[in-house]
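Here is the structure we will look at.
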Amino acid sequence: MTETTRPDPALPPVFDPAQVEVPLYERWVERGYFEADEKSDKPPYCIVIPPPNVTGSLHLGHAFEHTLIDALVRRRRMQGYEALWMPGMDHAGIATQNVVERELAKQGVSRHDLGREAFVEKVWEWKAESGGKILAQMRRLGDGVAWSRERFTMDHGLSRAVQTIFKMLYDDGLIYRAERIINWCVRCHTALSDIEVEHSDDDGELVSIRYSDEVVVATTRAETMLGDTAVAVNPGDERYKHLIGTELVLPLTGRRIPIVGDEHVDPSFGTGMVKVTPAHDPNDFEIGRRHGLPALTIMDEQGVITAHGPFQGLDRFEARPAVVAALRAEGRIVSEKRPYVHAVGHCSRCKTVVEPRLSLQWWVKVGPLAQAAGDAVRDGRVAIHPTSMEPRWFGWVDDMHDWCISRQLWWGHRIPVWYGPDGEVVCVGPDDAVPTGEGWHQDEDVLDTWFSSALWPFSTLGWPDETPALEKFYPNQVLVTGYDILFFWVARMMMFGLYAHGAAEPSKAVPFHTIALHGMVRDERGKKMSKSFGNAVDPLDWMDAYGSDALRFTLARGANPGADVPIGEDWVQASRNFCNKLWNATRFALISGARVGELPPSPELTAPDRWILSRLNTVLAEVDEHYEDFQFAKASEALFHFARDEFCDWYVELAKTQLAGDDAVAERTRLVLGNVLDNLLRVLHPVAPFVTEALWTTLTGQETVVTAAWPAADRSRRDPAAEATVAELRRLVTEVRRFRSDQGLKPGQRVPARLVLAADTPALTDHEAAFRSLTRLEPEADGFSATARVVVGSVTVEVDLSGAVDVEAERRRLTKDLSNERKALEQAARKLDNEQFLAKAPEAEVDKVRTRRTTAEAEIARLEAQLAALPQT
RNA sequence: GGGCGCAUAGCUCAGCGGUAGAGCACUGGUCUUACAAACCAGGGGUCGUAGGUUCGAACCCUACUGCGCCCA
């Protein structure tokens with residue numbers, strides 16, 4: 001593709017997205033418009049993509065987020081910034097390992113058959129063949145990302161970054177290894193961090209068990225009683241004080257266990273006595289630690305009971321009823337509540353019920369890191385948009401638990417710690433020599449995927465090396481992400497960003513200056529989209545049917561900061577219609593000879609010309625204001641109304657009269673049409689990149705709108721007088737159209753009319769031709785006889801309907817208007833009769849109400865006169 | 001159980017102290033020379049309930065009811 005592929009200037013009457021989108025995108029990439037130059041003098045503007053999962057495909061949530069990011073970045077690029085949207089993916093440890101294991105299982109092979117090295121090799125093969133589908137889909141959406149900089153969290157460079165920060169944290173004592181209760185997925189066979197667990201209210205059972213004459217405990221997981229090593233009561237609970245320090249025999253096991261006093265026990269819950277299973281419950285673990293209790297693990301990594309006895313070998317869910325049955329046989333079941341609804345944790349990847357389990361894992365000590373992350377927002381170095389989301393942020397970072405970062409997987413960054421034959425533990429940095437010799441081995445576990453994602457804002461720019469890209473683009477300007485994952489990786493990026501750049505000046509250490517939060521995409525009934533509910537939509541389907549611009553514009557138009565976005569097919573269709581409207585308006589302009597050139601000075605222009613330019617420049621300013629505040633919905637809405645309701649419906653129609661008249665006026669009209677479209681297409685480009693590119697290049701003959709200058713609002717074109725004139729003209733036209741509609745006249749039917757002006761009305765006298773064209777009123781001819789009249793203010797339009805006048809329709813209309821005016825008068829009068837109002841309301845407000853009263857009085861007089869003049873039936 | 005938020009036209013949402021708005025849907029009429037993926041005109045809401053503050057409340061305060069989300 002060497003020549004500029006420009007659509008035929010004679011545009012077809014319907015916009016066909018399928019025909020233009022793919023070639024346009026390919027051209028953009030080929031010409032490098034989305035690439036960024038770290039050596040440029042332009043101010044930087046960098047946003048990193050929230051890295052999609054390598055196993056994933058584009059869903060509406062991505063489409064939404066990408067639309068917003070792309071709009072921000074495209075606008076800044078047009079504004080002359082060195083704009084970089086950094087693309088890439090994360091390696092999604094658990095998800096990817098699961099996918100590849102499933103593939104292998106089809107051939108009857110397990111990862112253990114292959115061995116670690118060969119398995120990881122397989123994963124890379126899988127990625128090369130079928131990973132990263134989403135990248136192609138991003139092209140369909142039109143994402144203006146710098147493809148030459150694409151990164152992957154498992155790349156060499158990013159892996160170096162991971163190892164570097166691990167070593168830094170380890171040396172600073174912020175990474176440690178400890179035996180704790182973790183969330184264990186018995187299917188994925190790995191530990192999960194707290195945020196990888198989803199809680200839901202599930203049906204379960206609550207069983208009360210008599211441990212002794214005086215001790216009754218309740219549990220939802222009866223099988224864990226096999227691992228009990230104590231019973232606890234609140235030390236202040238008078239009922240049980242005497243039991244503290246005594247022992248009882250744990251049923252089914254015959255083990256003697258103590259009764260301990262612990263503040264953590266809530267005396268008001270159940271019997272006020274709790275069983276303590278330190279190896280299988282986080283709270284019990286803490287109790288156990290406080291009282292030096294042993295922790296008995298009674299289950300293996302598959303969730304199968306290992307405790308000796310009749311239950312050994314049973315799955316945890318088989319063991320549960322079996323244990324209850326055995327206790328019942330001994331007469332120890334006091335009560336059973338079934339179903340008992342309670343919160344149950346599930347693996348966010350595979351939905352398996354998570355098993356709390358005592359296990360030796362690696363942890364990040366988040367205290368100081370989270371403190372710094374909170375402070376960065378508190379002292380204003382990082383702004384959260386909208387600010388209403390701040391409490392959510394502080395609520396999280398100010399009360400964060402240590403982060404479990406080890407995963408019992410093979411796919412991921414292997415923990416860079418080596419163990420020696422004599423109990424040595426060595427953390428190895430990226431440039432350090434790995435310990436060799438008899439008995440040395442590396443830790444088997446890999447790191448949580450978020451550990452590498454947390455580095456994304458700077459590892460993608462070359463960190464830990466001091467690269468020019470890092471120098472230019474760190475900190476990033478904005479991070480755009482959903483409020484639902486504010487804690488997931490935003491908190492982690494803040495912690496690691498601030499830590500890794502701790503030596504930098506405080507305002508430069510933050511990973512980004514602004515966090516812009518968006519909501520979640522919902523269906524047209526406001527319901528959360530989910531595969532299981534069956535209301536999930538594939539954005540590709542809508543892009544195929546209506547075009548990418550239609551999808552993007554719909555999403556942008558729904559994007560209120562921090563709020564969820566409902567979307568339905570009807571709305572995408574409406575956006576498609578809007579794109580087609582732009583297409584046809586441009587088509588009309590081109591057919592009419594519109595061109596982009598120097599705009600004549602205002603005094604040479606007609607009121608409609610001056611009006612549309614005034615409106616354009618007002619809207620341009622509004623759009624800028626909204627963009628600066630991440631108000632995508634407002635910006636899009638303003639443009640939608642301007643383009644459709646003002647430019648297309650009124651200016652273009654008025655222009656038709658101007659184009660048909662005086663040559664000089666027609667020529668100036670062509671320039672105004674060209675100028676408005678030129679600006680409108682540029683300012684719409686960030687949210688509807690394809691249709692605007694196709695139209696703008698055709699209109700201007702220039703290479704691309706992608707790098708065209710962002711339109712600056714020209715205040716000097718503001719023209720309140722022209723706006724008032726056109727407003728009056730529009731009112732007159734609408735009144736006549738309403739009359740015509742009431743009278744059942746066909747829109748195209750031409751009717752003779754005479755204009756009678758009671759006062760000087762420039763809106764009409766200067767624009768009579770336009771007025772008659774828009775209302776289909778012909779000049780009066782011989783034999784004109786006025787059979788009906790429309791009165792609007794000082795203007796009377798006498799119409800010759802040649803007989804058939806629908807007097808009743810007219811009476812209904814006038815009566816309704818009269819009733820409205822009387823209501824308005826009553827309201828105004830009531831206020832003006834109120835002395836308190838006169839005394840306390842601001843002057844301007846009182847004046848406004850006075851004017852309203854005067855207008856209403858005049859209108860009432862006019863309407864009453866007209867009603868009286870109607871022929872009686 | 002703790003925290004945050006939301007209740008405005010049939011649906012989805014703006015508005016957040018001075019005459020109730022948009023899109024879609026709806027009704028009637030039109031192929032009017034850019035567009036029927038369009039145009040013209042129209043109907044539709046005592047702004048969840050009850051109190052309070054104010055000259056004035058959809059908007060501020062309190063309670064209640066009903067939903068949603070996050071955390072435990």
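- In this structure, A/Cys579 reaches neither bases nor backbone, as no heavy-atom distance under 4.0 Å exists between it and the strands shown.
- Of the two residues contacting RNA chain B, namely A/Asp16 and A/Thr586, the nearest-nucleotide position lying further toward the 5' end is that of A/Thr586.
- Within the 4.0 angstrom heavy-atom criterion, no nucleotide atom of any strand lies near A/Ser388.
- Across all strands shown, B/rC4 forms a Watson-Crick or G-U wobble pair with B/rG68, both key distances being under 3.5 Å.
- As judged by a 4.0 angstrom heavy-atom cut-off over every strand, A/Val849 is placed among residues making no nucleic acid contact.
- When distances run from any side-chain atom of A/Lys581 to the nucleotides B/rC40, B/rG42, B/rA38, the shortest one goes to B/rA38.
- Note: CD (A/Gln827) to P (B/rA57) measures 12 Å, nearest angstrom.
- The local environment of CD in A/Glu653 is crowded, with over 12 non-hydrogen atoms from other residues, nucleotides or ligands closer than 6.0 Å.
- The CG atom of A/Leu517 sits 15 Å away from the P atom of B/rC70 (whole-angstrom rounding).
- In this structure, CG of A/Leu745 is placed 19 Å from P of B/rG28, rounded to the nearest angstrom.
- Within the nucleic acid shown, A/Ala824 has no heavy atom closer than 4.0 Å to any nucleic acid atom.
- Looking at heavy-atom distances under 4.0 Å, A/Glu653 makes contact with a base.
- On the C1' atoms, B/rG48 is 10 Å away from B/rU8, given to the nearest whole Å.
- At the phosphate of B/rG42, OP1 or OP2 sits under 4.0 Å from a side-chain N or O atom of A/Arg738.
- Ring geometry for A/Tyr651 versus A/Phe647: interplanar angle under 30°, hence parallel rather than tilted (30 to 60°).
- With a cut-off of 3.5 Å on both Watson-Crick or G-U wobble distances, the partner of B/rC31 is given as none.
- Residue-level contact check: A/Asp742 touches neither bases nor backbone, having no heavy atom under 4.0 Å from any strand.
- Taking the charged nitrogens against the carboxylate oxygens, A/Arg772 and A/Glu768 do have a contact shorter than 4.0 Å, which makes a salt bridge.
- For A/Arg737, a side-chain nitrogen or oxygen approaches OP1 or OP2 of B/rA41 to under 4.0 Å.
- Here the separation of B/rA20 from B/rA58, taken at their C1' atoms, is 8 Å to the nearest Å.
- For B/rG29, the OP1/OP2 oxygens have no side-chain nitrogen or oxygen of A/Lys746 closer than 4.0 Å.
- Summarising the geometry, the separation between CG on A/Asn577 and P on B/rA37 is reported as 8 Å, rounded to the nearest angstrom.
- Separation of the P atoms belonging to B/rC39 and B/rA22 is 16 Å when rounded to the nearest angstrom.
- Considering only side-chain atoms of A/Pro842, the nucleotide from B/rG18, B/rC39, B/rU30 that sits closest is B/rG18.
- Ranking B/rA34, B/rA22, B/rU33 by closeness to the A/Glu637 side chain, first place goes to B/rA22.
- Of all nucleotides listed (B/rC24, B/rA22, B/rA41), B/rA22 comes nearest to the side chain of A/Arg557.
- A cation-pi geometry, defined here as NZ or CZ lying under 6.0 Å from the six-membered ring centre and within 45° of its normal, does not hold between A/Lys581 and A/Phe640.
- Comparing B/rA37, B/rA25, B/rU19 by their nearest atom to the side chain of A/Asn580 picks out B/rA37.
- Between B/rU12 and B/rG56, the two C1' atoms lie 31 Å apart (nearest whole Å).
- B/rC60 is paired with B/rG52 under the criterion used here, namely a Watson-Crick or G-U wobble arrangement in which both key atom distances are under 3.5 Å.
- Judged by a 6.0 Å distance limit and a 45° cone about the ring axis, A/Arg644 is not positioned over the six-membered ring of A/Trp583.
- When the options A/Thr692, A/Asn675, A/Leu695, A/Leu639 are evaluated for a side chain to side chain contact (heavy atoms under 4.5 Å, CB included) with A/Leu680, the one that passes is A/Leu639.
- Here A/Arg392 lies in heavy-atom contact (under 4.0 Å) with sugar-phosphate atoms only.
- In this structure, CZ of A/Arg750 is placed 14 Å from C1' of B/rU30, rounded to the nearest angstrom.
- Each of A/Pro747 and A/Met520 was matched to the nucleotide of RNA chain B holding its nearest heavy atom; the match closer to the 5' end belongs to A/Pro747.
- Within the nucleic acid shown, A/Asn560 comes within 4.0 Å of sugar-phosphate atoms alone, with no base atom in reach, counting heavy atoms only.
- No engagement by A/Pro391 is indicated, since no non-hydrogen atom pair under 4.0 Å with the nucleic acid exists.
- Here, B/rG29 and B/rA36 have their C1' atoms 14 Å apart, quoted to the whole Å.
- Spacing of C1' atoms, B/rG18 relative to B/rG51, comes out at 23 Å, to the nearest Å.
- Side-chain proximity of A/Lys656 to the nucleotides B/rG23, B/rG18, B/rA34 is greatest for B/rA34.
- The CD atom of A/Gln573 sits 14 Å away from the P atom of B/rA36 (whole-angstrom rounding).
- Between A/His518 and A/Phe64, the ring centre distance stays below 6.0 Å.
- Side-chain atoms of A/Lys848 lie closest to B/rU19 of the nucleotides B/rA34, B/rU19, B/rA41.
- Nucleotide B/rG23 forms a pair with B/rC11, judged by Watson-Crick or G-U wobble geometry with both contacts under 3.5 Å.
- Between A/Arg221 and A/Asp281 there is a salt bridge, since at least one side-chain N of the basic residue sits less than 4.0 Å from a carboxylate O of the acidic one.
- Residue A/Tyr483 contributes atom OH, which lies 16 Å from atom P of B/rC4 at whole-angstrom precision.
- Set against B/rG42, B/rC35, B/rC71, the side chain of A/Arg813 has B/rG42 as its closest nucleotide.
- Taking atom P in both B/rC59 and B/rG68, the straight-line distance is 24 Å, to the nearest Å.
- Distance from the side chain of A/Glu845 is smallest for B/rG18 among the nucleotides B/rA37, B/rG68, B/rG18.
- Considering A/Val799, A/Val790, A/Asp806, A/Val807 in turn, A/Asp806 is the only one that fulfils the side chain to side chain contact (heavy atoms under 4.5 Å, CB included) rule with A/Gln743.
- Put simply, A/Lys634 has a side-chain N or O that comes within less than 4.0 Å of OP1 or OP2 on B/rG15.
- With distances taken from any side-chain atom of A/His641 to the nucleotides B/rC35, B/rG18, B/rA22, the minimum falls on B/rA22.
- Counting any heavy atom pair closer than 4.0 Å across all strands shown, A/Phe15 reaches a base atom.
- If you measure from atom CZ of A/Arg644 to atom P of B/rA37, you get 15 Å, rounded to the nearest angstrom.
- B/rU46 and B/rC40 have their P atoms separated by 29 Å, with the value rounded to a whole Å.
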